[in-house]
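This report concerns only the one structure given below.
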Amino acid sequence: MTELAEAVQSHVTGHVTMPVLGRLDSHASRAEQIAHIAEAARQIRVQDLKLIYHAGAGHIGGDFSAIDILATLYGAVLDISPDRVTDPERDRFILSKGHVAGALYTTLAAFGFLPVAELATFLQPLSALNGHPNRTKVPGVEANTGPLGHGLPVAVGHALSAKLDVSLRRTYVLVGDGELQEGSNWEAMMAASQHQLDRLTVIVDRNRLQQGATVKETNDLDPLPDKAAAFGFAVVEVNGHDHGELLDVLSSVPFRPGKPTFVIAHTHKGHPISFMSNNVAWHHKVPNESEYRQALAELEKER
């Protein structure tokens with residue numbers, strides 16, 4: 001633990017409690033994998049809730065809509081491990097919706113990329129765990145993200161690099177649906193289709209909410225599947241909170257040779273907390289003590 005982590009940990013008793021869960025071995029059954037991912041996602045939500053409550057800031061609604069996707073990727077799909085974060089042949093994951101960095105940090109810690117104790121420094125002065133991820137400070141972070149519309153173009157660059165290297169490494173990028181209102185994403189998608197980057201997978205956290213309003217009220221994306229298909233992608237829709245569906249789909253790409261994959265993961269902001277779920281107020285809201293304790297109790301019942 002760093003001196004900073006020790007200092008912060010000394011006054012946040014009970015803050016960092018998540019175990020390092022790691023991955024099951026390759027001989028685990030599908031049912032065992034799904035159960036492991038589900039428990040990882042629950043533990044990640046518990047710890048992420050604690051991070052945001054103690055830091056007094058964060059994006060818990062978007063964190064909770066994305067955690068099942070992150071847990072599935074790191075728990076069973078990505079060909080990467082804590083000792084291979086610089087391996088040229090590792091799979092790449094880019095969090096384009098960088099404001100949900102808390103969920104990424106907690107997921108990285110759950111699977112051994114980051115010391116769990118380091119989570120106590122989240123949003124503290126001089127901490128590496130800033131409000132948006134930084135690839136030079138946090139092991140396992142592939143790109144600095146935060147300005148929406150940047151991550152997908154960076155992912156296209158990674159995927160094109162892999163193709164030029166004649167490499168089988170895959171690139172996954174998680175974008176928000178509100179983020180798709182940025183034109184840079186569609187330019188990048190045209191390039192991905194043009195270069196037939198079939199080892200690129202775009203995952204849309206389709207919770208239909210953005211800061212302050214619904215996506216439909218702001219700038220409607222529908223019919224999103226048709227638009228993505230028109231841009232040359234193979235389109236798949238899944239329940240973004242169903243670990244079995246996520247595991248099956250994300251492990252099976254590419255779906256069509258020569259086409260990048262566009263996975264629309266239907267989610268709920270704030271899932272599965274009763275008073276947060278599908279509530280736009282929780283984009284950037286911090287729970288008070290009563291809400292914090294209720295959320296912890298609800299997550300405990302998820303066991």
Side-chain angles (χ1 to χ4, degrees), residues 12 14-24 28-55 58-78 95 97 100-112 114 116 119-120 122 174 203 205-209 238-251 265-283 285-303:
V12 288
H15 180 175
V16 177
T17 59
M18 183 180 65
V20 177
L21 299 159
R23 292 174 72 149
L24 299 182
S29 68
R30 178 178 181 274
E32 289 170 331
Q33 291 275 24
I34 292 169
H36 185 68
I37 293 166
E39 176 58 15
R42 190 189 70 82
Q43 293 275 8
I44 290 165
R45 281 191 173 91
V46 168
Q47 189 59 70
D48 188 62
L49 172 67
K50 293 178 178 180
L51 293 193
I52 290 171
Y53 175 70
H54 284 275
H59 291 83
I60 196 167
D63 283 13
F64 276 28
S65 71
I67 282 172
D68 293 309
I69 299 166
L70 294 173
T72 304
L73 286 168
Y74 282 93
V77 174
L78 293 172
L95 180 70
K97 48 179 292 182
V100 301
L104 177 60
Y105 300 148
T106 312
T107 301
L108 289 171
F111 294 105
L114 180 71
V116 171
L119 295 173
F122 179 59
L174 180 62
I203 309 166
D205 184 359
R206 187 73 163 118
N207 62 35
R208 299 180 181 273
L209 295 175
V238 298
N239 177 344
H241 299 305
D242 185 310
H243 304 107
E245 282 191 38
L246 288 167
L247 178 61
D248 292 344
V249 167
L250 297 177
S251 299
H266 295 283
T267 61
H268 295 284
K269 210 177 193 87
H271 175 85
I273 306 304
S274 59
F275 58 89
M276 292 184 189
S277 185
N278 206 34
N279 185 341
V280 72
W282 286 96
H283 178 86
K285 185 178 178 182
V286 176
N288 59 32
E289 183 177 357
S290 174
E291 292 166 335
Y292 169 69
R293 297 194 181 283
Q294 181 180 340
L296 281 177
E298 291 186 18
L299 290 170
E300 180 63 25
K301 291 179 181 178
E302 291 281 312
R303 281 180 180 273

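Sequence positions, counted from 1, serve as the residue numbers for this chain. Only heavy atoms go into these numbers, but all of them, side chains included; no hydrogens, no water, no symmetry mates.
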Do you know the tightest heavy-atom contact between [X] and [Y]?
X    : Y    : value
S251 : V77  : OG-CG2, 3.6 Å
I67  : A103 : CG1-CB, 3.8 Å
S65  : N207 : OG-ND2, 3.2 Å
L21  : H36  : O-CE1, 3.6 Å
V249 : V238 : CG2-CG1, 3.3 Å
V286 : Y53  : CG1-CA, 4.3 Å

What's the separation between atom [atom1] in [X] and atom [atom2] in [Y], rounded to the nearest 0.5 Å?
X    : Y    : atom1 : atom2 : value
E298 : Q294 : CD    : CD    : 5.0 Å
I37  : T72  : CD1   : OG1   : 4.5 Å
L246 : H241 : CG    : NE2   : 9.0 Å
T106 : F122 : OG1   : CZ    : 7.5 Å
I273 : I60  : CD1   : CD1   : 7.5 Å
I44  : L51  : CD1   : CG    : 11.0 Å

For the residue pair [X] and [Y], establish whether any side-chain heavy-atom pair is separated by less than 4.5 Å.
X    : Y    : result
H243 : Q33  : no
P272 : L299 : yes
L296 : E300 : no
L73  : I203 : yes
K50  : V16  : no
F64  : L49  : yes
E291 : K285 : yes
Y105 : D63  : no

Fill in: Salt-bridge contact R42-E39 (side-chain N to carboxylate O under 4.0 Å)
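Judged by the 4.0 Å cut-off on N to carboxylate O distance, R42 and E39 do form a salt bridge.
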Ignoring hydrogens and angles, tell me if any N or O in the side chain of [X] forms a donor-acceptor pair with the backbone of [Y] under 3.5 Å.
X    : Y    : value
H268 : M276 : no
E245 : N239 : yes
Q47  : M18  : yes

Item to complete: Please assess V100 against L174 for the test side chain to side chain contact (heavy atoms under 4.5 Å, CB included), listing each intermediate value before the final yes or no.
Response: CA-CA 11 Å; V100 301; L174 180 62; 5.6 Å; no
Worksheet item: Residues two or more places apart in sequence or in another chain: which of them pass salt bridge (charged side-chain N to carboxylate O under 4.0 Å, His left out) with R45?
Response: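 Listed in chain order: D68.
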Worksheet item: Between N279 and K269, is a side chain to side chain contact (heavy atoms under 4.5 Å, CB included) present by the stated rule, with each step listed?
Response: CA-CA 7 Å; N279 185 341; K269 210 177 193 87; over 6 Å; no
Discussion item. Check the orientation of Y74 and F111. Use parallel for under 30°, tilted for 30 to 60°, and perpendicular for over 60°.
Written reply: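 Ring orientation, 0 to 90° scale: parallel.
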